[in-house]
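Structure first, commentary second.
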Protein chains: 2
Amino acid sequence: MSAGHTAVTDQVSDPGATEAVEDELVALEPCGLPEHPDCGIRDVLDRLGDTWSVLAVVELSSGTRRSSELKRALHGVSQRMLTLTLRRLERDGLVLRTVYPTVPATVTYELTDRGRSLTPLVQQLADWSLRHRAAIAESRREYDRATTASDRA
Amino acid sequence: MSAGHTAVTDQVSDPGATEAVEDELVALEPCGLPEHPDCGIRDVLDRLGDTWSVLAVVELSSGTRRSSELKRALHGVSQRMLTLTLRRLERDGLVLRTVYPTVPATVTYELTDRGRSLTPLVQQLADWSLRHRAAIAESRREYDRATTASDRA
DNA sequence: CTGAATCCGAAAGGATACTG
DNA sequence: CAGTATCCTTTCGGATTCAG
């Protein structure tokens, strides 16, 4: 990155900057669990739900990346979904997008503080997935074998 | 669930029972990150991605639940999605389904060991979501306000 | 009570072609 | 290189209805 001079970061302002204390459990006043429909937990979880968000955060957790680098790291991602995913992460204040006014456009992405606060969780998810993916695949085969042939029990 | 005598659990067999060591980081040999397409991480993450799986796991983390109880706990869920969600979790070996041969059918769901190993992660996700949802909502408003009016910088 | 089946609208997401 | 727009297919997921 060095030579960037007039890079344009998509800093709209500084929303939610006062969230500061990242390591203090919230009170859960309105609703503590899924009992409530409009609780808003799903709004956030849905972001982790789409196909590429988690992988993008994992990749960005090791440092700033260019768009093309992310494209390669996320492998099967289409240009469209890459952009959409990063836009949503940026919109949520998890990722900072910086545009360098170079000849062939240069754009970098990096995690914000909020995004970094999510890193350990996302890393654990990736670890868990890797640790269990074989057993899960086996469970699925078993399940399918037991259900397709005859019906269950 | 006291009186159950001949309850039928959907035990197909015991696939992946030898995964045992739940607290040892995996080696990540084949591929450590999203670099690889057929790595299989997404197969697992996708399960966390759908709308109700995480919420179901959270609810089941506090104990065995009947179908109707889950239906109420997950609030807006439709009968169809409740069944689908639980079936997928069962297929992945995260949830155990038990049918009691009572007059009006009785079915309970509970986490398996594998499902329980996921509980802390899911709980952290829920916590994180609650802790940040306000700030994220604010970021979204800011972002939308800055982009709908004029185009970005 | 629990769940399977059908119908159908709404998204997610890939492929491609086109701009700066 | 980075991103937008369009098209098109697949899946998600709700509503309803029927069955054990």
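Convention: sequence-line order gives letters A, B, ...; per-chain numbering from 1. Remember, it's a predicted structure, so these values are computed and weren't measured experimentally.
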Rounding to a whole Å, what distance do you find between [X]:[atom1] and [N]:[atom2]?
X       : N      : atom1 : atom2 : result
B/Arg42 : C/dA12 : CZ    : P     : 16 Å
B/Trp52 : D/dC12 : CH2   : C1'   : 12 Å
B/Leu89 : C/dG3  : CG    : P     : 13 Å
B/Met81 : C/dA11 : CE    : P     : 15 Å
A/Lys71 : D/dA2  : NZ    : P     : 9 Å
A/Leu74 : D/dA2  : CG    : P     : 14 Å
B/Leu55 : D/dG13 : CG    : C1'   : 15 Å

### Task
Note down the inter-axis angle between the two ends of the helix from C/dC1-D/dG20 to C/dG20-D/dC1, five pairs each, to the nearest 10°.
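The angle, to the nearest 10 degrees, is 40°.
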Would you say [X] and [Y] make side-chain contact, with heavy atoms under 4.5 Å?
X        : Y        : answer
A/Val95  : A/Leu111 : yes
A/Thr51  : B/Arg42  : yes
A/His132 : B/Ser117 : yes
B/Trp128 : A/Val44  : yes
A/Val77  : A/Thr85  : no

Give a yes/no answer on whether the side chain of [X] brings an N or O atom under 4.0 Å of OP1 or OP2 in [N].
X        : N      : result
B/Thr102 : C/dC1  : no
A/Thr51  : C/dA12 : no
A/Arg66  : D/dC1  : no

### Message
Test of understanding: with side chain to side chain contact (heavy atoms under 4.5 Å, CB included), list the residues that count as partners of A/Arg91, not counting sequence neighbours.
### Response
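A/Arg91: side chain to side chain contact (heavy atoms under 4.5 Å, CB included) contacts with B/Arg140, B/Tyr143, B/Asp144.
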Please tabulate the protein-to-nucleotide N/O contacts below 3.5 Å involving nucleotides 3-6 of chain D, giving atom names and distances.
from  : atom 1 : to       : atom 2 : distance (Å)
D/dG3 : OP1    : A/Arg97  : NE     : 2.9
D/dG3 : OP1    : A/Arg97  : NH2    : 3.0
D/dG3 : OP1    : A/Tyr109 : OH     : 2.8
D/dG3 : OP2    : A/Ser67  : OG     : 3.0
D/dG3 : OP2    : A/Tyr109 : OH     : 3.3

The criterion is side chain to side chain donor-acceptor pair (under 3.5 Å); which residues satisfy it with [X], sequence neighbours excluded?
X        : answer
A/Thr102 : A/Thr106
A/Ser53  : A/Asp50
A/Arg116 : A/Asp113

